[in-house]
There are 4 protein chains.
Amino acid sequence: MTVTGTWRTYEGSNLSPALASALNKFVEQGYHGTSVRQIAAGAGLSVPGLYHHFPSKQALLVGIMDASMDELLERTRSAEAGAGSSPSDRFDAVVEALLLFHIHRRDVAFVCSTEIRSLDPTNRAAYIAKRDEEQRLLDAIVADGVESGVFDTPHPADASRAVTTMCVGVATWYRPDGPLSPSELVAVYLDIARRTVGAATGGQA
Amino acid sequence: MTVTGTWRTYEGSNLSPALASALNKFVEQGYHGTSVRQIAAGAGLSVPGLYHHFPSKQALLVGIMDASMDELLERTRSAEAGAGSSPSDRFDAVVEALLLFHIHRRDVAFVCSTEIRSLDPTNRAAYIAKRDEEQRLLDAIVADGVESGVFDTPHPADASRAVTTMCVGVATWYRPDGPLSPSELVAVYLDIARRTVGAATGGQA
Amino acid sequence: MTVTGTWRTYEGSNLSPALASALNKFVEQGYHGTSVRQIAAGAGLSVPGLYHHFPSKQALLVGIMDASMDELLERTRSAEAGAGSSPSDRFDAVVEALLLFHIHRRDVAFVCSTEIRSLDPTNRAAYIAKRDEEQRLLDAIVADGVESGVFDTPHPADASRAVTTMCVGVATWYRPDGPLSPSELVAVYLDIARRTVGAATGGQA
Amino acid sequence: MTVTGTWRTYEGSNLSPALASALNKFVEQGYHGTSVRQIAAGAGLSVPGLYHHFPSKQALLVGIMDASMDELLERTRSAEAGAGSSPSDRFDAVVEALLLFHIHRRDVAFVCSTEIRSLDPTNRAAYIAKRDEEQRLLDAIVADGVESGVFDTPHPADASRAVTTMCVGVATWYRPDGPLSPSELVAVYLDIARRTVGAATGGQA
DNA sequence: TATGAATGAGCCTTCATTCAT
DNA sequence: TATGAATGAAGGCTCATTCAT
C-alpha cells in the first residue's frame, strides 16, 4: 500500500506520431483493416515519409506491441520490487500495476490482446514470450501465497490466469468518462482479485 | 447440480460449409485478414459459388456471430430455467452454460469477442444488444443473490462482469488436448466464479 | 395526305416479355450496363428461363434492333407506297412515318441509335445495311424532288441526312406528356423538313 | 462572315493521357463496355497509376464531358460575342461554332451525346444544366430573329432544337477523310440551318 | 528530407453462361 | 419447362511498397 513508485504514474504516452496514428487506427479498424495511407494521413506524413521512419506496416505493429509489453513488464516488476516481501503485498501491487496499465494504456493494451495473430511468426513468438513472462510473474506470487498459507485456492495457476484475464479485459470496456474513476476501479478489482486467490479481502467482510 | 438439460449437450456445430470455412479463417487471420477466395477454397467452392449462398463477406461474419449469440442466449436461458429458483443454483447453471459454450464453441466465441468492430454499424448494434442481454441475465442473478444474502459482494455489477470476462476468456486459451477436461475446467471456474460474487464455494474449503 | 395506311397505326409493341424487359433496361442503363439477371428479373423469369428463350444477351439486343429496323422499313415503305407518285407526297409520307415511329417506338428507336456499337461485328454489319437502306429510301425521294424541280437544295444528300437526323433525334427528347401531341409534332417537323429540302411548305409562307 | 476569333481555331485537344485513352475507349465501346484496365493500358499506365490521377472511372467520364461542355460553351459565347448584333450574324456564328466543335471535337462530342445516362445522378444534373444553357443560347437568338422579322418560322423553339440536333449529329457520322472538308460542311449545314429558321439563305437561290 | 508518381498483386464482387435436376 | 447451384473470367478499386526527384 506504499504510495511510492513511478509505476503508478502515467503521462501521455510517448509514442512517435507515426506509432500514435497507427495505434488509433488499429484500435478502431484492426491491423488488417487499416491501410498505410490512413496511418500516414493520421500522422500528418506522406506515405514515403512514413516509410522513412518505419520500414513496414508490420514494424509499426511490432513497435506498438513491444513498447507496450516492455512498459508493462517494467511497471509490474517495479511494482513488485517496491512492495514488501509478503505475497499479499506483492499480489496487490502487481494487480494494481496491471489495472493501472490497462486503464491508462487502454488503446495500446487493446491492440496487444487483439492483434497477436497479426504479428509475423517471429515477432509473435517474441511477443508471446514476454506475455508469458508477465503471467509467470503473477503465477509465482500466487504460488508463494498458497505455499505460505496466506492465499487459499486449490488451483492457483488457473486463479492467477483468471486474475490476469479480468485485468486485461478492463481495457476492453473501461471509459475514462464512465462511472468509475481509476482508483475506484482499482479498489473494486483488487477486492475481486483477492477473492479469486482466496486472500483476505482488505478489511472487508 | 444434477439438473439435466440439452444446454449441456454439444454436438458438432451445424454451420454450413461456407460458414465453417469462414469461421476457420477468421479465427486464424481475422476478418480483414481473410480473403473471400480463401473462404471459398476452404469450403470447396468457387468464389461465385460462395456468393450464391451468402451475399457478401460481411454476411458470413454476421451469420457466424448471430448464430453464436443466439445459441448462447438459448443455452443460457435454458440453463437458468432448468435450475432451481435460488440465486446460487441459477448462478451455477448460467456460469456452467457460459463455460461449456466457450469450451465447445471456442472458435465461434473467439470470433465473437474479436470481430465486433468488423461488423457494419447496423449489424454491430444488433449484436451488442444481444450481448448486453446476455450480460444482464447474469447481472440479475447476482443482484438477486446479493439481495437475498446468499452472495456477498459490495459491487455486484462489476463482479458479474468479471465473471463473464473470465468465462469468455476461456475461449482464448482453452485447448481440448490441454491439461483440463471440460468438466474439470467447469469445476475450477465455478469455484472461482463463486468466490468472485462471494457465494459459498460448493463444499470446498 | 391520304389518311389510309396501317403505317400510321401504333399499338402496344408486341415484344416478348424477355425483349420488353431487355429494352427497358437497355434504355435506362445501356447494353453493357445491364446484366442478364436484371433482364430476367424484369421479365419475371429465372436466368436459365431467360436463356431458354434467347441464347445470349447479344441475341436480345439483336432481337430488339432487328425487329425495330424491320418495322421501320416496313412502315416507311408502306407509307411511300401509299402516297402518290409525286416526290412531295412521298417525302411527306416517309417523314411522317419516320416521326410517328420515333414517337411511338421511342425506346426501341433510342436503343437503336445508341447501341449499334454493342452489336457483334456481324450483327452490326447487318443492322447498318438495313439502316442505310432506310436512308437511301429518303435520299432517292429527295433526289427525285430536286431533279423534278419540286425541291430546291444544292446538297440533297446532306439535306436528306439532316432530315433523318432530326427525326431520329425526336426519340431522344419526346415525351408523351410533353407540350406537343404526336400530330402537332408531326406538323411542326414536317414543316421543318420541307424547308430543309427546299420544298413548298404546306400552305405556310 | 470574316469575323476572326479563337473560337474557330482548333488544335489537338489538351486532354491528359488518361483522359485521352478513356475517350478513345468510350467512343469505341461505351462507358460500361470499357474497363479501367483498358483505359490504363491505352494511357501507358498501370491501373493504380491511372487511379493516381483520377479517383474513379466515373471521374474520367466527368472529366471528359465537363471539359467538353465548358469548351463548347466558351467557344459558342465567344462566337456570338464576336459577331455583330444582328440575329442573323449571331445565328451564323453560333451555328458555325457548333459545327466546328462537332467536327474537330468529334469524339468528345460523341461521348457527350452518348453517355449522359452513364453519369451519376449528381454529375448528370450538372451536365444537363450546361447543355440546356447552350441550347437556350441558340433559342434566344432564334427568338430575337423571329421577333425582329429576319427569321420566319412559326415554331422557333422547335426549329432551334432541330438545328442543334443536326449539328450535334455531325459528330456521329463526320469523317475527316470523307467527301466534305470542314469548311464545306459548315457551308452546307449553315444553309440548311438558315432554312430551318426561315432566314435568308446567304445569297443562294 | 520529403514527395509525386508509380506498380504487381490482390481485394470484394459481379459478369454471362451452363447444367443437373 | 423451369430452377438452384455453380463457374471462369473479369469488373472497379485498393493494397503495401518503391523510387526518381
Side-chain angles (χ1 to χ4, degrees), chain A residues 18 22 29 31-41 43-61 118, chain B residues 16-18 22 29 31-41 43-61, chain C residues 18 22 29 31-41 43-61 118 120, chain D residues 16-18 22 29 31-41 43-61 118:
Chain A
Q29 310 169 338
Y31 178 76
H32 288 299
T34 299
S35 77
V36 170
R37 270 181 165 70
Q38 291 175 317
I39 298 170
L45 290 170
S46 66
V47 169
L50 177 62
Y51 274 91
H52 179 74
H53 300 289
F54 287 85
S56 68
K57 185 184 173 186
Q58 174 77 198
L60 289 161
L61 181 60
S118 302
Chain B
S16 69
Q29 310 171 335
Y31 178 77
H32 287 300
T34 299
S35 77
V36 169
R37 279 167 175 79
Q38 291 173 319
I39 298 171
L45 290 171
S46 65
V47 170
L50 178 62
Y51 273 91
H52 182 74
H53 298 288
F54 288 86
S56 68
K57 187 185 175 187
Q58 174 79 197
L60 289 162
L61 182 59
Chain C
Q29 312 171 335
Y31 178 77
H32 287 299
T34 299
S35 77
V36 169
R37 269 180 166 69
Q38 292 175 316
I39 298 171
L45 290 170
S46 66
V47 169
L50 178 62
Y51 274 92
H52 179 73
H53 298 291
F54 287 85
S56 69
K57 186 183 173 187
Q58 175 78 198
L60 289 161
L61 181 60
S118 302
D120 287 347
Chain D
S16 69
Q29 309 170 335
Y31 179 78
H32 287 299
T34 299
S35 78
V36 168
R37 280 165 175 81
Q38 291 175 320
I39 297 171
L45 290 171
S46 65
V47 169
L50 178 63
Y51 274 92
H52 181 73
H53 298 288
F54 288 85
S56 67
K57 186 185 174 187
Q58 174 79 194
L60 289 162
L61 182 59
S118 301

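Letters go in sequence order (proteins before strands), and every chain restarts at 1.
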What distance separates [X] [atom1] from [Y] [atom2], expressed to the nearest 0.5 Å?
| X | Y | atom1 | atom2 | value |
| --- | --- | --- | --- | --- |
| B:Leu60 | B:His53 | CG | NE2 | 11.0 Å |
| B:Leu61 | B:Phe54 | CG | CZ | 11.5 Å |
| B:Leu45 | B:Ser16 | CG | OG | 9.0 Å |
| B:Gln38 | B:Leu50 | CD | CG | 12.0 Å |
| D:Ser46 | D:Arg37 | OG | CZ | 11.0 Å |

In whole Å, what is the span from the [atom1] atom of [X] to the [atom2] atom of [N]?
| X | N | atom1 | atom2 | value |
| --- | --- | --- | --- | --- |
| D:Leu60 | F:dG12 | CG | P | 11 Å |
| B:Tyr51 | F:dA6 | OH | C1' | 16 Å |
| A:Phe54 | F:dA16 | CZ | P | 16 Å |
| D:His52 | F:dA16 | NE2 | C1' | 16 Å |
| D:Leu50 | E:dA6 | CG | P | 10 Å |
| C:Lys57 | E:dC15 | NZ | P | 9 Å |
| B:Leu45 | E:dT13 | CG | P | 16 Å |
| C:Arg37 | E:dT13 | CZ | P | 15 Å |

Note to self: Main chain of D:Ala22, side chain of D:Lys57: is a donor-acceptor contact present, judged purely on distance under 3.5 Å?
What the structure shows: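 Judged by distance alone, no pair lies under 3.5 Å.
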
Check: Is D:Val36 touching bases, backbone alone, or none of the nucleic acid, heavy atoms closer than 4.0 Å?
Finding: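 The answer is sugar-phosphate, as D:Val36 gets under 4.0 Å only of primed atoms, P, OP1 or OP2.
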
Next item on the list: Output the single nucleotide from F:dT17, E:dT13, F:dA2 whose closest atom is nearest the side chain of B:Ser56.
Entry: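 Of the candidates, E:dT13 comes closest.
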
Notebook entry, point to check: Any idea which of F:dA6, E:dT7, E:dA5 is nearest the B:Ser46 side chain?
Noted result: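 Given the options F:dA6, E:dT7, E:dA5, the side chain of B:Ser46 is closest to F:dA6.
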
Next item on the list: Nearest-nucleotide wise, let me know which of B:Pro55 and A:Gly49 is further upstream toward the 5' end of DNA chain E.
Entry: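 Nearer the 5' end of the strand: A:Gly49.
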
Check: Under 4.0 Å between a side-chain N or O of C:His32 and OP1 or OP2 of E:dC15?
Finding: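 For E:dC15, neither OP1 nor OP2 has a side-chain N or O of C:His32 closer than 4.0 Å.
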
Margin query: Does a side-chain N or O of B:Ser35 approach OP1 or OP2 of E:dC11 to a distance below 4.0 Å, or not?
Written below: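 Yes, because at least one side-chain N or O of B:Ser35 sits under 4.0 Å from OP1 or OP2 of E:dC11.
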
Note to self: For D:Val47 and A:Pro48, find the nucleotide of DNA chain F closest to each by heavy atoms; which residue's nucleotide sits nearer the 5' end?
What the structure shows: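 Taking each residue's closest nucleotide, the earlier one in sequence belongs to D:Val47.
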
Next item on the list: For D:Gly33 and for A:Gln58, locate the closest nucleotide of DNA chain F by heavy-atom distance; then report the residue assigned to the nucleotide nearer the 5' terminus.
Entry: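 Checking each residue's closest nucleotide, the 5'-ward one belongs to D:Gly33.
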
Note to self: Show the nearest heavy-atom pair for residues D:Tyr31 and D:Ser118, with the distance to one decimal.
What the structure shows: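 Shortest heavy-atom separation between D:Tyr31 and D:Ser118 comes out as CD2-CB, 3.6 Å.
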
Check: How does DNA chain E look in dot-bracket form if you count Watson-Crick and G-U pairs under 3.5 Å, write [ ] for pairs that cross, and put | where a base pairs with another strand?
Finding: .||||||||||||||||||||

